[in-house]
Amino acid sequence: MHEQKQNAMNKEEILQVILDYTTELKNDYEENRDAFGILDEDTQRTALKLYVIDELLTRLGYNND
């Protein structure tokens, strides 16, 4: 149990993982959109993931958009 607490991330580390994933999703979305169009299934799936992460950041108060 103590080992799990030592390995746990702090808030800043968790936020950084989320922000890094957001950047990755944005890049994936733009690549898919440019290559296959906005109606492509992979493009739409990536857009949905990006929307969910964006909503999470908004609810946590980290989105300034």
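Counting from 1, the numbers follow the sequence of the chain as shown.
Ion pairing between a basic and an acidic side chain is recognised when a charged N comes within 4.0 Å of a carboxylate O; Glu55 and Arg59 show such pairing.
Checking side-chain atoms of Glu13 against main-chain N and O of Asn10 turns up a donor-acceptor pair under 3.5 Å. With hydrogens and angles disregarded, a donor-acceptor distance shorter than 3.5 Å links the side chain of Thr22 to the backbone of Ile18.
Taken from CG in Leu50 to CZ in Arg45, the straight-line distance is 14.5 Å, to the nearest 0.5 Å. Of the inter-residue distances, the one linking Glu24 atom CD with Lys49 atom NZ reads 9.0 Å to the nearest 0.5 angstrom.
Applying the side chain to side chain donor-acceptor pair (under 3.5 Å) criterion to Asp28, with sequence neighbours excluded, gives no partner residue.
Side-chain contact, Gln44 with Asp40: no donor N or O sits under 3.5 Å from an acceptor N or O.
In plain terms, the two heavy atoms of Ile38 and Tyr29 that are nearest each other are CD1-OH, 3.7 Å.
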Leu15 vs Leu19, side-chain contact (heavy atoms from CB on, under 4.5 Å): CA-CA, chis, key distance, verdict: CA-CA 6 Å; Leu15 177 59; Leu19 293 174; 3.9 Å; yes
Worked verdict on Phe36 versus Asp42 for side-chain contact (heavy atoms from CB on, under 4.5 Å): CA-CA 9 Å; Phe36 307 110; Asp42 286 336; 5.8 Å; no
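There is no path of hydrophobic side-chain contacts, each under 4.5 Å, that joins Leu60 to Val52. Put simply, Tyr21 and Leu48 are part of two different groups of oily side chains (I, L, V, M, F, W, Y) that touch within less than 4.5 Å, one to the next. Ile53 and Tyr51 are members of different hydrophobic clusters when ILVMFWY side chains are connected at heavy-atom separations under 4.5 Å.
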